[in-house]
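Chain A is the first sequence line, chain B the second, and so forth, proteins listed ahead of strands; every chain is numbered from 1. Every heavy atom of this structure was used, including side-chain atoms; hydrogens, water molecules and symmetry mates were not.
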Amino acid sequence: MLDPQLLRNNPIDVKKAMQRHGSDLDLDVFNALEKQRKDIQVKTQNLQNERNKSSKSIGMAKAKGEDIQPLLDSVSQLGDDLKVAEAELNEVQAKLQSIFLSLPNVLADDVPTGKDEEQNIELRKWGNIPAYDFEAKDHVDLGQALNGIDFEAGAKIAGSRFVTLSGPLARLQRALTQFMLDTHVDQHGYKETYVPYLVNKESLLGTGQLPKFEEDLFKIGNDSPYYLIPTAEVPVTNLVRDEIIKANDMPLKYVAHTPCFRSEAGAYGRDVRGMIRQHQFEKVELVQIVKASESEQAHEQLTQHAEGILQALELPYRLMLLCSGDTGFSATKTYDLEVWLPGQSAYREISSCSNFNDFQARRLKARWRNPETGKPELVHTVNGSGLAVGRTLIAVMENYQQADGSIKVPDALKPYMGHVTSITP
RNA sequence: GGAGAGAUGGCAGAGCGGUUGAAUGCACCGGUCUUGAAAACCGGCAUAGGUUUAUCCCUAUCCAGGGUUCGAAUCCCUGUCUCUCCGCCA
């Protein structure tokens, strides 16, 4: 959520910023609501003040043993007026609140303006694209030949966009997960966390998936529903909801491995082949909770931590700076890591690292106490995939494939694979 | 699933329906003292919103939502969560 003061003081600038982020703000509606809010709020507070004073004087009169009946008569109308005013105020504030919740974050200055992923900017490339003296297969063909990936079974058990893994490929996914967790914990200083995979509405409001993007989520139950997490960002970032963090504990760095569930409602027909886009996938997520002055640096650092995994696995990738149209709702700036997939002869997203500034923190009421002022200040949140495990599995399979259809095990993963060096049919 | 207890400031913990935003202790900040530190003593110390140049002032908030009342941290109802005991269970 944006700072309401920013919106009140610089509505025109905010409107421009919203348009850059693919949203719009109806200033006439907003200004009208704001004026209403002020009028009704002042009126309500005056009535409350009157009631409080009266009640106090009744209390004092009673204590002195005076007759309070005349005082009671004089406030008889007050209660009704106050109720009406409070109801009006609630209504206006609810409308304003829904406007605030629907506005995206203001983008960082260095985010290029653009419509979609075509306008993203490549910042750097790493690794060499492998040259094959045979025709490179994609993970679907490789996996089926190895008898380790079964889309039919996934479809039978659950439906489309589900998959089953078995044997060494299932283990390879687990090895990747372990390797990523160990690296981030042992080398990058993150704290491993285990979190719920079902969350409540408040958590999703906090990180910004709700109220706008409900159709992307799987929902369970009706009266007080649970949602399956679309990313570990939701439960992990919500660790600090309604908390005031001690200065000494900052920054907080969390890593969590979770399954992620996405309805992919808007993705009919996209990536229907293979396990690029599934309703359920594994991901290792990095989350940092930092001071405002440190979030830009943390964002760069976290991105490098994600890159470190790709480098350790020797997978070629490139780093993209997302343009305004491709940057998500809550983010102020996002880097995508795209891994090379020989089966598609294309770079595909394997990690998305974002700085949210105080946007999520304001919704979450996540603060730290600044010893210099003694006051709580909003934290900044930064997160990124480190990495999407399912897609990393694909990338390893396709980049490490051999002419005979076998897959070499990357050196970094051998300790996690019982020192097997190759997966063969 | 059954029975009971509870939820109050950063933490711990008081609080007969009436000048209680809330005692007290700890923590924290400033000061006195000290060669320095500790101790002791003095003072300060919730969050959000409105008004304001600022101070002041006003409003709301004692888990959440309703209700009773002129007035609710305090009484009533509902929900959530925590703890204890019993049962069940990976």
Record whether the side chain of Q41(A) comes under 3.5 Å of the base of rG49(B) through a donor-acceptor pair of N or O atoms. no

Between rA60(B), rU47(B), rU19(B), spot the one nearest the side chain of M60(A), thanks. rU19(B)

May I ask you to say what R37(A) touches in the nucleic acid, namely base, sugar-phosphate or nothing, with a heavy-atom cut-off under 4.0 Å? sugar-phosphate

Any N or O donor-acceptor pair linking the side chain of K62(A) to the base of rG18(B) at under 3.5 Å? yes

Mind calculating the distance between CD1 (I245(A)) and P (rG10(B)) to the nearest angstrom? 14 Å

Suppose we define a pair by two distances each less than 3.5 Å, Watson-Crick or G-U wobble; what does rG21(B) pair with here? none

Starting at atom CG of D242(A), determine the distance to atom P of rC11(B), rounded to an integer number of angstrom. 12 Å

Think K365(A) has a side-chain N or O under 4.0 angstrom from the OP1 or OP2 of rA48(B)? no

Pairing partner of rC28(B), by Watson-Crick or G-U wobble and under 3.5 Å for both distances, is rG44(B)

A cation-pi test, strictly: NZ or CZ of K191(A) under 6.0 Å from the centre of the six-membered ring of Y254(A) and no more than 45 degrees from its axis. Yes or no? no

Pairwise 5' ranking along RNA chain B for E34(A) and E86(A), keeping only the more 5' one: E34(A)

Pick one: which of D336(A), V389(A), L337(A) meets side chain to side chain contact (heavy atoms under 4.5 Å, CB included) with I350(A)? L337(A)

Between rG65(B) and rA27(B), how far apart are the C1' atoms? Round to whole Å, please. 34 Å

Can you check the I244(A) CD1 to rC28(B) P distance for me, whole Å? 17 Å

If you check the I58(A) side chain, which of rG10(B), rC58(B), rG18(B) turns out closest? rG18(B)

Could you give the distance separating rU74(B) and rG15(B) at their P atoms, to the nearest angstrom? 14 Å

Give a yes/no answer on whether the side chain of N52(A) brings an N or O atom under 4.0 Å of OP1 or OP2 in rC58(B). no

Report the distance from atom CD of Q97(A) to atom C1' of rA48(B), rounded to the nearest whole Å. 13 Å

Whether the side chain of T332(A) engages the backbone of V106(A) through a donor-acceptor N/O pair (distance < 3.5 Å, no angle test) should be reported. yes

Do R363(A) side-chain atoms and L101(A) backbone N/O form a donor-acceptor pair below 3.5 Å? yes

Sub-3.5 Å donor-acceptor pair from the side chain of K212(A) to the main-chain atoms of S102(A), do we have one? yes

Can you check the L6(A) CG to rG49(B) P distance for me, whole Å? 14 Å

Between R8(A) and G79(A), which has a closest nucleotide on RNA chain B that is more 5'? R8(A)

Whole angstrom value for the distance that separates C1' of rU19(B) from CZ of R51(A): 15 Å

My understanding is that a pair needs two contacts under 3.5 Å, Watson-Crick or G-U wobble. By that rule, which nucleotide pairs with rU82(B)? rA5(B)

